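Below is one structure; the comments refer to it alone.
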Amino acid sequence: MGRDTSRHHAYELWTDERYAELVELLATELPLAEIAQRTGRSTSALQAQLRKLVPLEYSLRPGDAEEVVRTLLVPPSYDWRAVLRKRAARVNQVYWDSELNDLLREGWEQARALEEIAEAVGASELDVARQLMCLFLAENSREVAQRLGCDPTGTLAGRLRLAEDRAAAAVWVLVVDGARGTGRIPVGVAEERRDRRHVSVHLDYDTADLTLDDLLRAHTDAGGDLDTVTASITERTVGDLTVGQVANPARPARSVERAEVPELPDLDAELADLQPDPDPPARKPKPRALGLPPMPPSLRRRLDAANRTTAAQSEEPE
């Protein structure tokens, strides 16, 4: 049985090699679902990339990209790379085709000046550094600058200086949960129970690590189990989120206690109590007021005249 590769390349960057593979498969009669399985992508991801292979002047309706691209690929002369270059240029980016990537690899191996490589490929030093990292030739921008150099007044150099300032202002935060002898956490929205937690700030990792050793030693001396403790040492800077995190796999992980699931009530019995009585007592109908026919006008006039005569007689003095 073949291995399922339907998610093998999910979330990977779309390189020139991936586009070439997609175009080659589109030229066949394979359905899009089969192409998605072979390329390790989802059909929705393929549909999004198909729109990029259509010239900008085309007006597409949703779902038409596949048919349009297959039609455009019928003549072998269709230059889909030119379309991708034009789309990248619209947002001030570079489409890194196989030729440009080969120039980067050659320049990296020969340790050519970054300024020279950037001029040869028509990109900025920052774009070249990013692509070198995407090609896994360099681990970070600092390695690029150390090997190839960079313009001291350029964007890449400025970012490296900013990174140095950030590293100089960084501190190390130690967080330990579950260690005996540490403070209790107030119960609130984020904490369901009063557990123990230690939080401290240090100028370097080594100091934070020594403090962690002291806390773990005090925890075991008090009869605690290391399996109930979890700890992390994280680098932080003012105004930023996590800059970097140093994980120490030698530290014991905290065991997660599974909460007991309460026994559910017998819903059928409760619903039975709420059901209406199948034979309810017969209700007595409410008596209805009998409607009287309207009084004839002639009779009403006679009654009114009699009432006026009676009232006048009662008002005469005796």
Side-chain angles (χ1 to χ4, degrees), residues 11-13 114 124-134 136-260:
Y11 306 109
E12 289 186 6
L13 294 176
L114 182 59
S124 66
E125 292 184 349
L126 186 61
D127 290 334
V128 171
R130 288 173 176 171
Q131 186 63 14
L132 288 171
M133 290 185 285
C134 291
F136 302 104
L137 297 175
E139 185 176 353
N140 49 50
S141 299
R142 181 172 299 281
E143 183 180 356
V144 174
Q146 290 175 348
R147 181 177 177 85
L148 307 178
C150 63
D151 182 4
T153 61
T155 304
L156 180 60
R159 293 200 175 189
L160 292 176
R161 287 193 296 269
L162 182 61
E164 291 178 355
D165 295 340
R166 180 186 295 122
V171 294
W172 295 86
V173 180
L174 170 64
V175 180
V176 182
D177 285 333
R180 296 191 178 185
T182 56
R184 295 278 188 179
I185 305 172
V187 178
V189 177
E191 303 295 339
E192 298 180 354
R193 61 180 183 178
R194 287 178 57 84
D195 207 344
R196 296 186 178 275
R197 172 171 295 173
H198 166 89
V199 180
S200 56
V201 181
H202 307 269
L203 294 178
D204 52 49
Y205 173 81
D206 294 333
T207 305
D209 193 46
L210 290 174
T211 303
L212 175 59
D213 288 336
D214 293 339
L215 293 173
L216 293 178
R217 189 179 303 110
H219 174 72
T220 54
D221 292 344
D225 187 359
L226 289 180
D227 290 337
T228 62
V229 179
T230 183
S232 64
I233 302 176
T234 308
E235 185 183 11
R236 302 277 185 173
T237 57
V238 177
D240 285 339
L241 298 177
T242 303
V243 175
Q245 183 170 347
V246 177
N248 195 339
R251 300 301 182 192
R254 180 177 183 179
S255 60
V256 180
E257 300 179 0
R258 297 181 63 88
E260 295 183 0

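The chain is numbered in sequence order, starting from 1. Since this is a predicted model, take the numbers as computed values, not measurements.
Under the side-chain hydrogen bond (donor to acceptor under 3.5 Å, both in side chains) criterion, His198 pairs with Ser200, not counting sequence neighbours. Asp151 pairs by the side-chain hydrogen bond (donor to acceptor under 3.5 Å, both in side chains) definition with Thr153, not counting sequence neighbours. In this view, Thr155 and Leu126, Arg159 satisfy the side-chain contact (heavy atoms from CB on, under 4.5 Å) rule, not counting sequence neighbours. Scored by the salt bridge (charged side-chain N to carboxylate O under 4.0 Å, His left out) test, Arg180 finds no partners at all (sequence neighbours excluded). Residues passing the side-chain contact (heavy atoms from CB on, under 4.5 Å) test with Glu143, sequence neighbours excluded: Trp108, Ala138, Glu139, Asn140.
Judged by distance alone, the side chain of Thr211 and the main-chain N or O of Thr207 form a donor-acceptor pair under 3.5 Å.
For the pair Val176 and Thr182, the minimum side-chain heavy-atom distance is 4.5 Å or more. In this structure, the side chains of Val144 and Cys150 stay at 4.5 Å or more apart for every pair of heavy atoms. Between Leu174 and Leu215, some side-chain heavy-atom pair lies under the 4.5 Å cut-off.
Defined by atom type and a distance below 3.5 Å, a donor-acceptor pair is missing between the side-chain atoms of Asp225 and Thr228.
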* **Working for side chain to side chain contact (heavy atoms under 4.5 Å, CB included), residues Leu114 and Leu156** => CA-CA 11 Å; Leu114 182 59; Leu156 180 60; 3.6 Å; yes
* To do: Kindly indicate, with the supporting measurements, whether the criterion side chain to side chain contact (heavy atoms under 4.5 Å, CB included) is fulfilled by Leu216 and Leu226.
  => CA-CA 7 Å; Leu216 293 178; Leu226 289 180; 4.1 Å; yes
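In plain terms, the two heavy atoms of Gly178 and His219 that are nearest each other are O-CE1, 3.6 Å.
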